[in-house]
Amino acid sequence: MLRDRLITLLTEAVNKAQKDGKLPAVVLPEITIERPQNAEHGDYASNLPLKLARLVKNNPMSIAGELVALLPPAEEIESAVATPPGFINFTLKNDWLSRQVDSILKDSEFFGNSKLGQGKKVQVEFVSINPTGPIHVGHGRGAILGSTLANVLSASGHKVEKEYYFNDAGNQMDIFKRSLYARYLQSLGEKAEVPENGYHGSYMVDLAKEIVAEYGDKFRKLDEAEAIKQLGEIGIGKIKDKIREDLAQLRVEYDVWFREQSLYENGQYDKVMQLLRKGGYIAEKEGATWFVSTSLGEDKDNVVVRSNSAPTYFATDIAYHYNKFLERKFDKVIDIWGADHQGHVPRMKAVATALGIEPERLQIIIHQLVTLKRGGELVRVSKRTGDLITLEEVMDEVGVDACRFFFLARSATSQMDFDLELAKKQSQDNPVYYVQYAHARIASIMRLADEKKIDYSDGDVSLLKTQPELTLIRKLLSLPELIEMISVTSEPHHLAYYAQDLATVFHAFYKDCRVVTDDAAMTKARLKLVMATKTVLAKTLHLMGMTAPDRM
RNA sequence: GCGCUUGUAGCUCAGUUUGGAUAGAGCGCGGCCCUGCGGAGGCUGAGGUCGUGGGUUCGAACCCCACCAAGCGUACCA
């Protein structure tokens, strides 16, 4: 990566300066290379002289001057200039830039991939809602964030597994089953009440009707406990299928669908509890069993087994993370949760510590919740009170591509209002179609070249030297940096901004540089550039889980 | 009360990790550009006390402190 190369060059310059006595022998601060916002400041810049100035108590500009003079020559660099107040600005060589078009074409869809991850095993777990109801729009945010992050991590050389955790055991499931039983009896014309803390949504009515249509009244004849059990399992199965369908429609694919139940079935729950007990992290008090997180600096202890001997969700989550790290041996685990789970973060970190797992290996990304609106009017999202807008409805209304783009264009930490009317309206104009339009436009040019039977494989890219061409090439070349940056920061929203930027510079290029002309040599060179742009744009869209249409 | 997250242009948001060069984008609003490969495009203008007040620094949207506002959490719910 060019950035690393510049750091090396600067380090050499500093070493030389210190050896020559032009710079005092101080410990070098971390060298940072940034991409200046202003194009006049070149392709890359370093503020190293400013940092050094403080340490050696010298004028930053004269340090910058010294370093520039001592920089070793490099084939990529046209110039390195000391600029007030003390930056070193690097500009790339035009012919080096244009040569990169050939290398993008050579790498094709693999352009931008790296070995950063060194094949490390990373799990990304996301969505993971209870199978008690359909997915709503807030969960969709986690789904899009998780699937996109997984795509990027794969591109940067991680061995990624995407996982969904079905909480199909415990308290909430019992409530769900009893709610369903009540709806079932109701749809057979009997009197029954959905429990007060139960699931009242209208989808439960539909679900009950569906089961009546399929199975008739056979569960009415069973005794209540047995009916609730059998009916409940059928209901859960149907909800799980629906969740899978919705996610598939959103283009979210999973490698593993993990069942909470399995933690009990294969004894891992008991195993981890014994382990914690042995480590002195378990205590009995007030009739319940507690995880003593205060011994790890937490504010309070947490119940793992209630006084009625039912384990809490926290208990199985402990077993689940034991399974992730110690049984399946992931090098890193990324959990993506909604902000309503933020209180769960510190205690899970404490669990990691108690199990001897370095807490950094467990990364928890919290995304803020989504407020759904329709024409400015607030829409309730809580599935426990019914009246919900499902992810399915949103996808049908605004389309999957627009949906993914909208969610991706915001950082996980931003609280977002998702206005359905606005999303539909805006997606007619911009920015989703703006980006996809660029791809369709490129496809159209390539079709024209194809019709004219132009073979551009021997095109000479060194003919590409005008400003719009070079600007486009520069933008193409920043994809590898972007992929690495997102892999490090886990912030895939930058992809959406990149896609827009790339579309913008392409449209500008298109305006200024006609591709297919009578000039055969220039046509071939530009076709190469256009094809390289198509590759990079499609790759960006695919990383975001969006389509790259050839026609619109 | 305490904790986490957020507050940047009329609206929706980047930029805050690593303090630096005139604070960016899209939408909306004003003005331009169609004899050419897809005008779902291009160019351009207006629009900002970076929540408020202090502090650190040669330099703060970014670091520190206080305050204000919003969301979430603070269960033997998940």
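What you see is a predicted model; the values in this text were computed from it and never measured. In the text below, chain A, chain B and the rest are named by the order of the sequence lines, each starting its count at 1.
Residue contacts for A/His41: at a heavy-atom cut-off of 4.0 Å it reaches a base atom on one of the strands shown. Nucleic acid contact class of A/Tyr510 (heavy atoms, under 4.0 Å, all strands): base.
The gap from the C1' atom of B/G10 to that of B/A66 amounts to 31 Å, rounded to the nearest Å. Using atom C1' as the reference point in both B/G48 and B/C13, the two lie 15 Å apart (nearest Å). Straight-line distance between the P atoms of B/G47 and B/G55: roughly 31 Å, to the nearest whole Å. B/G24 and B/U5 are spaced 23 Å apart, taking the C1' atom of each and rounding to whole Å. B/A21 and B/C32: their P atoms are spaced 36 Å apart (whole Å). Rounded to whole Å, the C1' atom of B/A9 lies 11 Å from the corresponding atom of B/A25. With both ends at atom C1', the span from B/A46 to B/G1 equals 47 Å, rounded to whole Å. Comparing B/U8 with B/G45, their P atoms are spaced 25 Å from each other, to the whole Å.
Closest approach to the A/Thr489 side chain among B/C13, B/U17, B/A70 is made by B/U17 (side chain taken as heavy atoms from C-beta onward).
Remark: side-chain polar atoms of A/Thr523 are paired, donor with acceptor, to backbone N or O of A/Thr517 under 3.5 angstrom.
Rounded to an integer number of Å, the gap from A/Gln342 CD to B/G71 C1' is 9 Å. Atom-to-atom, CG of A/Asp174 to C1' of B/A78 comes out at 13 Å; the value is rounded to the nearest Å. One can place CG of A/Leu50 at 14 Å from P of B/A60, the figure rounded to the nearest angstrom.
No hydrogens or angles were tested; on distance alone, nothing pairs the side chain of A/Ser414 with the base of B/C13 as donor and acceptor under 3.5 Å. With hydrogens and angles ignored, a donor-acceptor pair closer than 3.5 Å exists between the side chain of A/His341 and the base of B/A78. One N or O donor and one acceptor, one from the side chain of A/Asn89 and one from the base of B/A21, sit under 3.5 Å apart.
Checked against ring pair (Phe, Tyr, Trp, His ring centres under 6.0 Å), A/Tyr269 has the following partners two or more places apart in sequence or in another chain: A/Tyr264.
The 5' end of RNA chain B is approached more closely, in terms of each residue's nearest nucleotide, by A/Met416 than by the other of A/Met416 and A/Thr504.
Note on A/Ser411: a side-chain N or O is less than 4.0 Å away from OP1 or OP2 of B/A14. Remark: A/Tyr433 is not in phosphate contact with B/C27, judged by side-chain N or O atoms under 4.0 Å from OP1 or OP2.
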Show each protein N/O and nucleotides 29-32 of chain B N/O combination with a separation under 3.5 Å, one pair to a line.
none

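A glycosidic torsion no more than 90° from 0 defines the syn conformation, and B/C34 adopts it.
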